[in-house]
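Some notes on the structure that comes next.
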Amino acid sequence: MELDNGRDRPLASRHLLGLEGMSGTEITHILDAAEALKEILDRPIKKVPTLRGVTVVNLFFEASTRTRISFELAEKRLSADLVNFSKTGSSVSKGETLLDTARNIEAMRVEVVVIRHQSAGAPGFLAQRLNSVVINAGDGFHEHPTQGLLDLLTLRQKFGELKGLKVAVIGDISHSRVAMSNLYGLKALGAEVMLCGPPTLMPRGVESLGAKVCHNVDQALAWADALNVLRLQLERQHSALLPSLREYHQTFGITRRRLEKAGRVPVILHPGPINRGVEIESAVADGNESVILDQVTNGVAVRMAVLVLLSTPEVALKGE
Ligand code: CP
């Protein structure tokens with residue numbers, strides 16, 4: 001394995017807060033690093049000493065399965081020391097603020113803070129106030145940059161390159177941090193992006209970010225090479241934006257019948273967790289065109305790459 005982290009192509013920021021503003025070159029650099037590191041996951045002993053001596057805290061203020069486990073595995077594979085924090089059982093329940101919690105943890109000599117938080121902007125808030133590197137593991141409806149990167153890596157593996165690729169993101173766009181990170185990342189790499197969902201779940205003015213907007217899923221299916229199907233973010237919807245889940249499934253659900261009617265077979269992505277029978281039918285989620293579990297595997301490699309590039313900016317790993 002050779003990971004080139006040469007100084008001619010550094011990442012502009014010492015944090016990863018989002019893909020907005022990141023150049024195609026920077027994103028490609030992370031994806032290339034992830035490809036190089038992925039090989040470690042197939043070794044009998046899945047461990048390298050790259051981050052020995054680096055301490056990472058995983059601050060999860062919101063539920064997570066994939067992101068949390070995958071960051072933890074990435075840290076273990078790289079020999080970092082790690083500490084897991086969850087809101088339940090912490091002093092947050094006694095009224096401690098986010099900043100006080102983070103400053104106290106940093107005082108224990110932590111170099112990297114991975115944070116998932118229900119409030120958009122929480123990682124950026126910490127990045128301005130801590131000395132540690134801050135990595136956004138999903139903040140409210142703002143961004144989920146490592147999810148965006150793993151989606152890009154999965155598409156690149158499937159299609160070879162992303163320039164000119166047509167990707168439709170389907171569902172609850174308004175409340176989705178995944179949609180935003182996909183949009184920024186795909187546009188940076190030259191892909192075309194369509195956002196498709198009910199008008200009540202579509203942010204106003206999103207066309208100004210370079211997306212096509214559509215409210216008819218059959219049109220999206222006829223256009224796209226790949227679909228990224230989103231879960232309805234019911235926990236972030238504070239008013240009745242849909243008549244019913246049944247009607248949503250009938251109008252926007254990705255079903256085998258609908259794909260057959262479209263006459264083409266797009267690659268199917270989903271960030272998880274899946275609500276089977278709502279945004280996607282099991283026959284599609286588990287079908288031959290689905291790369292959902294490849295996304296999960298790629299998530300570990302992408303998070304390893306981000307950790308290495310942000311924690312050891314001068315490192316070039318050779319043949320470990
Ligand atoms: N895709 C994703 O963020 O999943 P989790 O909420 O399980 O981490």
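One-based numbering, in listed order, for ligands and for the atoms of each.
Looking at Arg156 and Asp32, a side-chain N of the basic residue comes within less than 4.0 Å of a carboxylate O on the acidic one, giving a salt bridge. With salt bridges taken as basic N to acidic carboxylate O contacts below 4.0 Å, none links Asp294 and Lys158. Glu289 and Arg256 are joined by a salt bridge, as a carboxylate oxygen and a charged side-chain nitrogen come within less than 4.0 angstrom of each other. The pair Asp218-Lys261 meets the salt-bridge criterion, with a side-chain N (NZ, NE, NH1 or NH2) lying under 4.0 Å from an Asp/Glu carboxylate O.
Proximity to Thr65 (heavy-atom distance under 4.0 Å) selects the following atoms of ligand 1: 5 (P), 7 (O), 8 (O). Taking every non-hydrogen atom of Thr67 and a distance limit under 4.0 Å, the qualifying atoms of ligand 1 come out as 2 (C), 3 (O), 4 (O), 5 (P), 8 (O). Interface atoms of ligand 1 facing Gly272, defined by a heavy-atom separation under 4.0 Å, are 1 (N), 2 (C), 4 (O).
With atom 3 (O) of ligand 1 as the reference point, the heavy atom nearest to it among Arg66, His144, Gln295 is part of His144.
For an aromatic pair to be called close, the ring centres must be under 6.0 Å apart, and His175 with Phe141 fails this.
For atom 6 (O) of ligand 1, the closest non-hydrogen atom of the protein is Arg116 NH1, 2.9 Å.
Close N/O approach between Pro271 and ligand 1 is found [any backbone or side-chain N/O within under 3.5 Å].
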